[in-house]
Number of protein chains: 2
Amino acid sequence: MVKRTSFEGDSCPIARSLEALGDWWSLLIIREALFGVRRFGEFQSKLGMAKNILSARLRSLVDHGILETAPASDGSAYQEYLLTPKGRGTFPILVALRQWSEAFDDHPEEIATILVDRAKGRPVKKLEMRAEDGRLLSPADTTLKPRPARRRSA
Amino acid sequence: MVKRTSFEGDSCPIARSLEALGDWWSLLIIREALFGVRRFGEFQSKLGMAKNILSARLRSLVDHGILETAPASDGSAYQEYLLTPKGRGTFPILVALRQWSEAFDDHPEEIATILVDRAKGRPVKKLEMRAEDGRLLSPADTTLKPRPARRRSA
DNA sequence: CTCCAGTAGTTGCATGATGAAACCATGTTG
DNA sequence: CAACATGGTTTCATCATGCAACTACTGGAG
């Protein structure tokens, strides 16, 4: 069996995220969902992707608890795809991807939109990593520790 | 011609990021690089991936300006792969992926490591989205605006 | 009720991407 | 130079992706 290697059992949380989100279209589907897209046909026309792939991805995202299907809402007897809290929790990931493009893309003039604070209409600040006490952290200021085992004693 | 659809010309910055980072192994390679991995064989043994795929990904990451090849460093006449500033700029993306796993994974007990502040040994805070003036923003507090055209007048 | 159009998929087939292992080129060691 | 390690490329089988065609169901017009 050759199969694409799965990261499912991997102990690295990044690999585990990619197991659910790392497929070619998944994050773009979630992006559309965050914009309010709910219907199959709407995803399909906005993303311009093949319907079979969309079908497979939607099912995978539902299986991973990122989307859930709801029966209707606009009268028609079809179903729609709604983000779960877990799905909405991907927002920082999308913001990080967006900001990385904005900062490093070779052709930033081709980027059509900017993410702004709705109240002021001003661009949002870059995501910052901070310590518990609020100190700003750079990558070099961080390190990995083994996860403390959850106590099993009484 | 069938070919995987490319997001290269897409105006969405998220799609543009995924064009460079969205391949199945790319972010894990970058994760290792951020940990200090530099050599082909070291990537290969740590990630357990096929050498041909690693070779293709490394080349792609170099082409995208995320990694660069340097001639030596440890005496041997081989080359090594170093992160560029653009590559190091992916750190928030990896942190966002990690935190999403930590927050929403169905089996968080399988996650082996936690990212901590090196100085205090305490977990880093969750990434926060803030307005220019420092107000904390939720997804609903943000919206997209068309990018203001760069003035071409004299 | 019947016909027609639209929505939401599924199925089939062609092709690109991926994975495992073998092969190779170069440098390094004895 | 022979033997070995490093850093790949090539080969081939399988998986994933993409496109088109097809089906099932819904809703509305006549």
Side-chain angles (χ1 to χ4, degrees), chain A residues 1-10 15 18-30 32-33 36-64 67-82, chain B residues 1-10 15 18-29 32-33 37-64 67-82:
Chain A
M1 186 170 60
V2 181
K3 238 198 99 162
R4 186 167 68 176
T5 49
S6 162
F7 306 136
E8 199 160 358
D10 200 300
L18 293 175
E19 178 72 22
L21 305 173
D23 271 307
W24 195 239
W25 289 100
S26 298
L27 282 166
L28 294 179
I29 291 171
I30 294 171
E32 295 301 327
V37 171
R38 301 174 168 205
R39 295 289 287 266
F40 185 95
E42 208 178 351
F43 284 110
Q44 207 260 320
S45 61
K46 295 222 176 192
L47 291 171
M49 65 190 291
K51 296 200 292 181
N52 56 342
I53 308 291
L54 175 58
S55 179
R57 288 291 161 274
L58 287 173
R59 195 173 349 189
S60 163
L61 290 170
V62 170
D63 288 347
H64 280 99
L67 296 175
E68 60 188 353
T69 53
S73 105
D74 69 334
S76 73
Y78 298 114
Q79 66 179 352
E80 51 188 33
Y81 297 87
L82 299 177
Chain B
M1 185 174 60
V2 181
K3 236 197 100 160
R4 186 169 67 174
T5 50
S6 161
F7 306 136
E8 199 161 359
D10 201 299
L18 292 175
E19 178 71 22
L21 306 172
D23 271 308
W24 195 239
W25 289 99
S26 299
L27 282 166
L28 293 179
I29 292 171
E32 295 301 327
V37 171
R38 303 174 166 203
R39 295 289 287 267
F40 186 96
E42 208 178 352
F43 284 111
Q44 208 259 319
S45 61
K46 294 223 178 191
L47 291 171
M49 65 191 292
K51 296 200 292 181
N52 56 342
I53 308 291
L54 175 57
S55 179
R57 288 291 160 274
L58 287 173
R59 194 170 346 172
S60 164
L61 290 170
V62 169
D63 288 348
H64 280 98
L67 295 176
E68 60 188 353
T69 52
S73 106
D74 69 335
S76 73
Y78 298 114
Q79 65 179 354
E80 52 187 34
Y81 298 88
L82 298 176

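This is a predicted model, so every value here is computed, not measured. The analysis underlying the following values was restricted to heavy atoms, covering all of them including side chains, and did not include hydrogens, waters or symmetry mates. Numbers restart at 1 for each chain; the letters A, B, ... are given by sequence-line order, proteins then strands.
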Between [atom2] on [N] and [atom1] on [X], what's the gap in Å once rounded to a whole number?
X	N	atom1	atom2	answer
B:W24	C:dG16	CH2	C1'	17 Å
B:I53	D:dG8	CD1	C1'	13 Å
B:Q44	C:dA21	CD	C1'	12 Å
A:E80	C:dA8	CD	P	10 Å
B:M49	C:dA20	CE	P	10 Å
B:F7	D:dT17	CZ	P	11 Å
A:R59	C:dT11	CZ	C1'	12 Å
B:D23	C:dG16	CG	C1'	12 Å

Test ring-ring contact (aromatic ring centres under 6.0 Å, His included) applied to A:F40 - qualifying residues, sequence neighbours left out: none

So, using ring-ring contact (aromatic ring centres under 6.0 Å, His included) as the criterion, who are the partners of B:Y81 when residues are at least two apart? none

Kindly say if [X] contacts the phosphate of [N], meaning a side-chain N or O under 4.0 Å from OP1 or OP2.
X	N	answer
B:S55	D:dG8	no
B:W25	C:dT18	no
A:R57	D:dG18	no
B:T5	D:dG18	yes

Would you say the side chain of B:N52 and the base of C:dG19 hold a donor-acceptor pair, judged only by whether the two atoms sit under 3.5 Å apart? yes

Review item, nucleotides 3-7 of chain D N/O atoms under 3.5 Å of protein N/O:
unit_1, atom_1, unit_2, atom_2, d
D:dT6, O3', B:R39, NH2, 3.4
D:dG7, OP1, B:R39, NE, 2.4
D:dG7, OP1, B:R39, NH2, 2.5
D:dG7, OP2, B:G41, N, 3.3

Does the side chain of B:R38 come within less than 4.5 Å of B:L82's, by heavy atoms? yes

Please list, one pair per line, the donor and acceptor atoms closer than 3.5 Å that link side chains of residues 43-59 of chain B to other protein atoms, with sequence neighbours excluded.
unit_1, atom_1, unit_2, atom_2, d
B:Q44, NE2, B:M49, O, 2.9
B:S45, OG, B:G41, O, 3.1
B:S45, OG, B:E42, O, 3.3
B:S55, OG, B:R59, NH2, 3.3

Identify, with sequence neighbours excluded, every residue that meets side-chain hydrogen bond (donor to acceptor under 3.5 Å, both in side chains) alongside B:D10. none

